[in-house]
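Below: the structure, in structure tokens.
Computed over heavy atoms, backbone and side chain alike; hydrogens, waters and symmetry mates excluded. On a predicted model such as this, the values are computed, not experimentally measured, just so you know. Throughout, protein chains are lettered first and strands after them, A, B, ... in sequence-line order, and every chain is numbered starting at 1.
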Amino acid sequence: MSNEKLTPQRENFSEWYNQVIQRAELADYAPVRGCMVVRPYGWAIWENIQSALDRRFKETGHVNAAFPMFIPMSFLEKEKEHVEGFSPELAVVTIGGGEKLEEPLVVRPTSETIIGYMYSKWIKSYRDLPVLINQWANVVRWEMRTRLFLRTLEFYWQEGHTAHATAQEAEEETRRMLDIYTDFAVNEAAVPVIPGRKSETEKFAGAARSYTIEAMMGDTKALQAGTSHNLGQNFARAFEIQYLDENNQLQYCWTTSWGLSTRFIGAIIMTHGDDQGLILPPRLAPIQIVIVPIFKNDAEASQVMEMVEEVRASLAGRFRVRVDDREGMTPGFKFNDWEMRGVPLRLEIGPKDVEKRSVMAARRDIPGREGKTILPLEGLAETIDSLLAQIQSALLQRATAFRDAHILQPESYAELCSAVEGSWALAWWCGSSECEARLKDDTRATTRCIPLDQPGGEGRCCICGAPAREKAYFAKAY
RNA sequence: CGGGGUGUAGCGCAGUUGGCAGCGCACCGCGUUUGGGACGCGGGGGUCGGCGGUUCAAGUCCGCCCACCCCGACCA
């Protein structure tokens with residue numbers, strides 16, 4: 001912890017982001033360029049993300065497994081678009097045990113290929129389908145420019161890989177998982193994402209169709225927060241994933257893949273954080289309540305600590321509680337420290353509270369005096385339960401209001417170009433890659449997604465003026 | 001890969017003409033403090049990025065190398 005104030009968001013959002021991560025002890029730079037160490041507090045957030053997602057995966061029939069991190073180079077080359085998309089960013093092992101390898105091994109950038117290979121061995125009959133497997137893993141992509149959590153050489157994620165008998169089932173699965181990501185983002189992380197379809201140029205290398213959830217960060221830039229791909233029969237054909245149907249006919253499977261990574265931690269930081277530091281949604285916060293004892297002398301200390309323990313014990317079974325009993329630090333320092341770490345609710349307990357049988361509660365999402373209330377010990381757990389729920393929904397409301405206030409609906413190309421400076425644009429688009437490229441050249445903004453929620457009707461492409469049936473979101477992205 | 005920059009304590013930095021390697025924060029000890037970032041006193045911590053050269057003497061001058069950062073290009 002440092003005594004100095006954070007760089008304010010408005011002054012330099014990137015600098016603010018880096019400082020928050022360091023000071024809240026979420027992650028640190030590793031000795032290898034572009035790699036990060038996820039520290040215990042950051043990993044605890046990831047564990048909460050994992051359990052929220054894993055529960056949803058299991059509820060929809062998926063099971064977990066683990067596949068190797070080394071993939072034969074030749075596997076990557078079997079799907080044309082896939083290898084073209086990933087080859088520039090592969091890490092390759094050429095020596096093992098001091099011997100040059102017969103065939104180089106790729107450190108997985110994603111696992112469609114090796115899982116496809118295994119599926120071709122496992123799937124023989126329509127009775128074997130669907131196969132619904134997820135894995136929690138690390139992957140490596142040799143990126144040029146890296147940012148903690150947002151883009152690192154190695155990152156952690158889950159990747160689901162499923163195989164189905166029909167195109168329709170695969171599409172349903174792809175959309176089901178997109179819905180799960182959306183539900184997770186909105187209801188667990190309080191991040192109001194926009195689900196939609198990726199354009200041809202933005203889709204996953206090797207996919208027939210990609211879906212995404214797009215989130216708006218506090219600087220209005222967009223972040224792709226999770227993706228779900230319908231792979232069609234591309235990988236099934238490349239890896240010969242085939243089954244015999246009811247009529248004894250050999251058929252190719254239809255496969256999907258979907259992933260959400262530690263990048264999502266970056267999304268949480270940049271959606272909710274303020275100039276005091278991190279603000280964590282109560283449902284994912286490793287520590288939901290921190291208790292800060294306050295006293296002047298030994299006599300006060302024993303009274304205060306007795307009540308602190310009473311309060312802690314009454315909350316511990318129901319909430320994630322921490323008592324800050326560190327010595328040699330003033331309460332003021334501790335307040336700032338826990339605000340930096342984004343703990344949603346702080347309880348201050350001092351001699352006055354002992355006397356009144358109450359605690360002073362301070363909400364992280366409402367800074368200063370305004371966020372403070374005196375809570376009686378009587379019924380404290382119930383009061384706090386509803387307070388945490390209020391904080392959770394207040395964060396979602398605030399982020400949603402911010403996002404909606406920064407979405408413009410331009411009618412002309414000139415309006416579109418100015419809209420993407422500091423906002424997102426929702427505009428008619430004809431669907432052509434040329435139009436995307438033109439906007440990107442002129443503004444550096446890209447097509448984020450074609451939202452599932454469409455206005456209907458028809459319009460004119462905001463870029464070329466051709467007839468358009470769909471609106472798309474355009475924005476600068478991380 | 002092109003352009004620019006930086007390497008000195010954990011972090012941020014200073015180090016003059018070549019002459020005992022320093023400051024702030026952090027850390028450790030003791031005491032006083034404690035309801036919004038406390039203070040005093042004492043203390044520990046260094047391959048000055050690396051290798052070589054010049055010199056009585058190099059953090060400082062010269063050469064080579066390495067690493068990292070920023071801006072472009074490229075990308076989740």
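Not counting sequence neighbours, A/Asp275 has no partner by the side-chain hydrogen bond (donor to acceptor under 3.5 Å, both in side chains) test. Annotation: side-chain hydrogen bond (donor to acceptor under 3.5 Å, both in side chains) contacts of A/Arg364 (sequence neighbours excluded): A/Asp274. Considering only residues two or more places apart in sequence or on other chains, A/Asn12 meets the side-chain hydrogen bond (donor to acceptor under 3.5 Å, both in side chains) condition with none of them. Qualifying ring-ring contact (aromatic ring centres under 6.0 Å, His included) partners for A/His82, counting only residues two or more places apart in sequence or in other chains: A/Phe86, A/Phe204, A/Phe235. By the ring-ring contact (aromatic ring centres under 6.0 Å, His included) test, A/Tyr473 is found to be paired with A/Trp424, residues two or more places apart in sequence or in another chain being considered. Judged as a side-chain hydrogen bond (donor to acceptor under 3.5 Å, both in side chains), and not counting sequence neighbours, the contacts of A/Asn64 are A/Asp54, A/Asn134.
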Each nucleotide N or O in nucleotides 5-8 of chain B that has a protein N or O under 3.5 Å away: list the pair and distance.
none

Between the protein and nucleotides 71-75 of chain B, list the N/O to N/O atom pairs that are separated by less than 3.5 angstrom.
{"residue": "B/C71", "atom": "OP2", "partner": "A/Arg145", "partner atom": "NH2", "Å": "2.7"}
{"residue": "B/C75", "atom": "O2'", "partner": "A/Glu89", "partner atom": "OE1", "Å": "3.4"}
{"residue": "B/C75", "atom": "O2'", "partner": "A/Glu143", "partner atom": "OE1", "Å": "3.1"}
{"residue": "B/C75", "atom": "O2", "partner": "A/Arg151", "partner atom": "NE", "Å": "3.1"}

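If A/Arg346 and A/Glu154 are placed on RNA chain B by their nearest nucleotide, the residue sitting closer to the 5' end is A/Arg346.
Side-chain proximity of A/Asn336 to the nucleotides B/U34, B/G36, B/A38 is greatest for B/G36. Here the side chain of A/Lys372 is nearest to one of B/G37, B/G36, B/U34, namely B/G36. You'll find that the side chain of A/Thr330 is closest to B/A38, out of B/G35, B/U34, B/A38.
Between A/Lys476 atom NZ and A/Lys221 atom NZ the span is 8.5 Å, to the nearest 0.5 Å.
Distance CE (A/Met360) to P (B/G35): 13 Å, rounded to an integer number of Å. Protein atom CZ of A/Arg326 is 19 Å distant from nucleotide atom P of B/U34, rounded to whole Å. In this entry the distance linking CZ of A/Arg23 with C1' of B/A26 reads 12 Å, nearest Å. Counting to the nearest Å, the P atom of B/G37 and the CZ atom of A/Phe335 are 9 Å from each other. Rounded to an integer number of Å, the gap from CD of A/Glu355 to C1' of B/G35 is 14 Å. The separation between A/Asn297 atom CG and B/U33 atom P is 9 Å, rounded to whole Å. Regarding A/Tyr29, its OH atom lies at a distance of 16 Å from the C1' atom of B/G10, rounded to whole Å.
No engagement by A/Lys334 is indicated, since no non-hydrogen atom pair under 4.0 Å with the nucleic acid exists. Counting non-hydrogen atoms under 4.0 angstrom, A/Thr152 reaches a base of the nucleic acid. Within 4.0 Å (heavy atoms only), A/Pro88 reaches no atom of the nucleic acid at all. Among the atoms of the strands shown, base atoms are found under 4.0 Å from some heavy atom of A/Leu150. Among the atoms of the strands shown, none is found under 4.0 Å from any heavy atom of A/Phe204.
Comparing the C1' positions of B/C27 and B/C20 gives a spacing of 26 Å, expressed to the nearest Å. Nucleotides B/G22 and B/U60 are separated by 15 Å at their C1' atoms, to the nearest Å. Of the C1' atoms belonging to B/U47 and B/A9, the separation is 13 Å, rounded to the nearest Å. Comparing the C1' positions of B/G52 and B/U16 gives an interatomic distance of 27 Å, to the nearest angstrom. One P atom belongs to B/G59, the other to B/C48, and the distance between them is 7 Å to the nearest Å. Going from the C1' atom of B/C66 to that of B/A26 covers 29 Å, rounded to whole Å. Here, B/A57 and B/C64 have their P atoms 23 Å apart, quoted to the whole Å. Between B/U34 and B/G24, the two P atoms lie 26 Å apart (nearest whole Å).
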Distance-only criterion, 3.5 Å: show the donor-acceptor pairs between side-chain atoms of residues 66-78 of chain A and protein atoms not counting sequence neighbours.
{"residue": "A/Ser74", "atom": "OG", "partner": "A/Glu103", "partner atom": "OE2", "Å": "2.8"}

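Pairs of residues two or more places apart, or lying in two chains, that qualify as ring-ring contact (aromatic ring centres under 6.0 Å, His included) and include a residue from residues 183-203 of chain A are A/Phe184-A/Phe264. Identified under the side-chain hydrogen bond (donor to acceptor under 3.5 Å, both in side chains) test for residues 224-234 of chain A, with sequence neighbours left out: A/Glu171-A/Asn230, A/Lys198-A/Gln224, A/Ser210-A/His229, A/Thr227-A/His229, A/Gln233-A/Arg237.
We find that A/Lys471 and A/Asp453 are not joined by a salt bridge, their nearest charged nitrogen and carboxylate oxygen being 4.0 Å or further apart. Using a 4.0 Å cut-off between a side-chain N of Lys or Arg and a carboxylate O of Asp or Glu, A/Arg357 and A/Glu310 qualify as a salt bridge. The residues A/Arg398 and A/Asp365 are annotated as not salt-bridged, no charged nitrogen and carboxylate oxygen being separated by less than 4.0 angstrom. Here A/Asp337 pairs with A/Arg341 in a salt bridge; the nearest charged N to carboxylate O distance falls below 4.0 Å.
Judged by distance alone, with hydrogens and angles left aside, A/Asp353 brings a side-chain donor or acceptor within reach of the base of B/G35, the pair sitting under 3.5 Å.
When base pairs are accepted only as Watson-Crick or G-U wobble with both N-N or N-O distances under 3.5 Å, RNA chain B takes part in stems of 3 or more pairs at B:1-7 with B:66-72, B:10-13 with B:22-25, B:27-32 with B:38-43, B:49-53 with B:61-65.
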